[in-house]
Amino acid sequence: MGLEVKDISYSYNEQIIFENISFRVTHGEFIGIIGPNGSGKSTLLKNLYRTLKPKSGTIFLDGKDLYKLTSKKVAKKIGVVGQENTVPFDFKVEEIVAMGRSPYKKLFSSDTIEDREIIKNSLRQIGMEAIANKNYSNLSGGEKQRVLIARVLAQQPEILILDEPTNHLDIHHQLQIFDLIKSLKLTVLAAIHDLNIAALYCDKIFVIKNGKIYKSGSPEEVLTSQLIYEVYGIQADITVHPITRKISVTYLPAGLHV
Amino acid sequence: MKIGISGQIAKKFKNDSPNDSNTRLIVMLLLIVSALSIIFAVGIGPIYVHPSIVFKIMISKIPVISSVIIPDWTQLEENIVWGLRFPRVLLGMIVGASLAITGVAMQALVRNHLADPFILGVSSGASATATLGMIFGVFSFLGTYALSISAFIGAAATIILVYSLSKVNGRVNITQLLLSGVVIAMIMDAITSIITLSAPNALGLHSAAFWMAGSLAGAKWGYLKLPLIVMIICMVILLIHHRALNALLLGEEAAGTLGFNVGRLQKILVLSASLLAGVTISVSGSIGFVGLMVPHLTRLIVGSNHKNVLPVSAILGGILVVWTDVVARTAIAPEELPIGILTALIGGPFFIWLLKKKLKR
């Protein structure tokens, strides 16, 4: 069960973005997708949450063809936090989080007491109950991102897809958000920019280069000096950090001769 | 006893958030204001009729009550109130509500406050096809609805055209949107002028000035049915989809991941906005900026949740148009100002203010 991707390819204006990608995400795994800018990470994720349709190949969600399910059914299983978080209209934080309940609502039904309880709990989990009535557009970038995570919590999905969720956030908020996501014990598939963050939180890492999975495996297997050089073209020193016991990547500037 | 009743009411509404009950109160208040507006607005004109008489004439038309009311008014007053002004004021209510809802629908479609049927050229498109239809009688087989249907076709075509022109990399670009709206409006207005000028007699009341400036003059009871039905149907459809409309404001992608069928939703929005705009314009010409101002004011009062925005905008839009029409027919009496000129006079500066405010953000 979970997500199974079989031989999917995607091209845009005759330019191949990625080709013949296959992988499987099993229940409870935290998977990081890394790769240089323009390697196709975002596009790959968009194919998984149906914003873009693969040109060929199939994706199975719990054994069923993802593209044959209704949007509602998919929304109950897969929650997404994308990069964009600007909302040109004034909504209260609570209203944004309440939208997470949408896939469970029929056309005429109104919010039930249960819905309201779930919304409250989601706000509590991100520590934002106090500002439930604040205006979303007045929040800082980190707060906005947390509200979107609360929305996805209210959605109660089994799989969480995150497209560089902590882009533009300072390190405090980056760690806060990843700690939060990790504590949810959901199946997570996240495009991550920062290799150290990927090493800290992921069970498995997929490296995407030129539209292909270049390598996959545990952070220890994947994040080597050689791979980082091959994929990003930079020198890096890899150590196991004494406190975290996780891989730690130190980038070496080109001017440094070791 | 009193406690018992309020307890029951409290029980009935315990599912509601405080926000919902606030909105319910606001809707109640606005309904009272709009009822009063109708009564007062009917009384005002070259021949003044006292509101109490207006009220009595109105309720005397209700079958059961009519026998109880003793008529103490003149036949002239009855003719003015019932035959002339009441249908006009009601048409104002319906047109105002329709234009406001059109604005809400278009703003959800393009995810921007600045969308309005007049600004984005939809009114002009509807006027152009309406005049075309009248001249060539293309839709004459549809009988009384020919004008409305031809206006609807123009409205729909313009919305689709402006919307697709304004999309850059799959996203609505606001500069493109406004500019393409302006250009399409100019083209459509030019077409309307050519048609009306080249066939001056065939158009009767519906001259180019009527289409471009808008007016409620000449309203008859018979004009009310179609706009009212369309307004109610579109309102219900949009209200049913209020969650989807909310989600759409977060972006197409977000709405999709929340389980909404975005493509279908956009079609519903284009259809209902063009139906509303087309039918409204066929009875009143193009009255601009109502769809811009009213939803914005509404959001300041009740927030952006469409469950509240839709009903409140509709009532506010009706009240605004009714009173603007009162000014239109009294300001330079015995002459009449086209109402569209007045709404442009208030709406234009409002638009500039919105634009400035948005840039600051």
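For the numbers below, each heavy atom of this structure counts, side chains included, while hydrogens, waters and symmetry mates do not. These figures come from a predicted structure and were not determined experimentally. Letters A, B, ... mirror the listed sequences (proteins, then strands); counts begin at 1.
Atom NZ of A/Lys6 has 12 or fewer neighbouring heavy atoms from other residues, nucleotides or ligands inside a 6.0 Å radius. Around atom NE2 of A/His193, no more than 12 heavy atoms belonging to other residues, nucleotides or ligands sit under 6.0 Å away. Within a 6.0 Å sphere centred on NZ of A/Lys53, other residues, nucleotides and ligands contribute 12 heavy atoms or fewer. Counting heavy-atom neighbours within 6.0 Å of A/Lys64 NZ, excluding the residue itself, gives a total of 12 or less. Summarising the local packing, NZ of A/Lys105 is surrounded by more than 12 heavy atoms from other residues, nucleotides or ligands at distances under 6.0 Å.
Among B/Asn261, B/Leu239, B/Asn246, the residue with the largest count of heavy-atom pairs under 4.5 Å with chain A is B/Asn246.
The contact between A/Arg151 and chain B is made entirely by side chain atoms (from C-beta outward), counting heavy-atom distances below 4.5 Å. Residue A/Ile96 touches chain B through its side chain alone, counting heavy-atom pairs closer than 4.5 Å. Heavy atoms closer than 4.5 Å to chain A are found nowhere in B/His242, neither backbone nor side chain. Neither the backbone nor the side chain of A/Lys76 comes within contact range of chain B; no heavy atoms are under 4.5 Å apart.
In terms of heavy-atom proximity, B/Leu250 sits nearest to A/Val87 at CD2-CG2, 3.6 Å. Nearest approach of A/Phe89 to B/Gln107, heavy atoms of both residues: CZ-O, 4.1 Å. Of all non-hydrogen atoms in A/Pro88 and B/Arg111, the two that sit nearest each other are CD-NH2, 3.3 Å.
Put simply, the residue from A/Pro103, A/Ser71, A/Ser102 that forms a side chain to side chain contact (heavy atoms under 4.5 Å, CB included) with B/Phe260 is A/Ser102.
For the atom pair A/Glu95 CD and B/Asn308 CG, the distance stands at 7.5 Å (nearest 0.5 Å). Note that CZ of B/Arg243 is 5.0 Å distant from CG of A/Asp111, once rounded to the nearest 0.5 Å. Taken to the nearest 0.5 Å, the OG1 atom of B/Thr257 stands 10.5 Å off from the NZ atom of A/Lys46.
A/Met99 is listed as a side-chain neighbour of B/Leu258, based on a closest heavy-atom distance under 4.5 Å.
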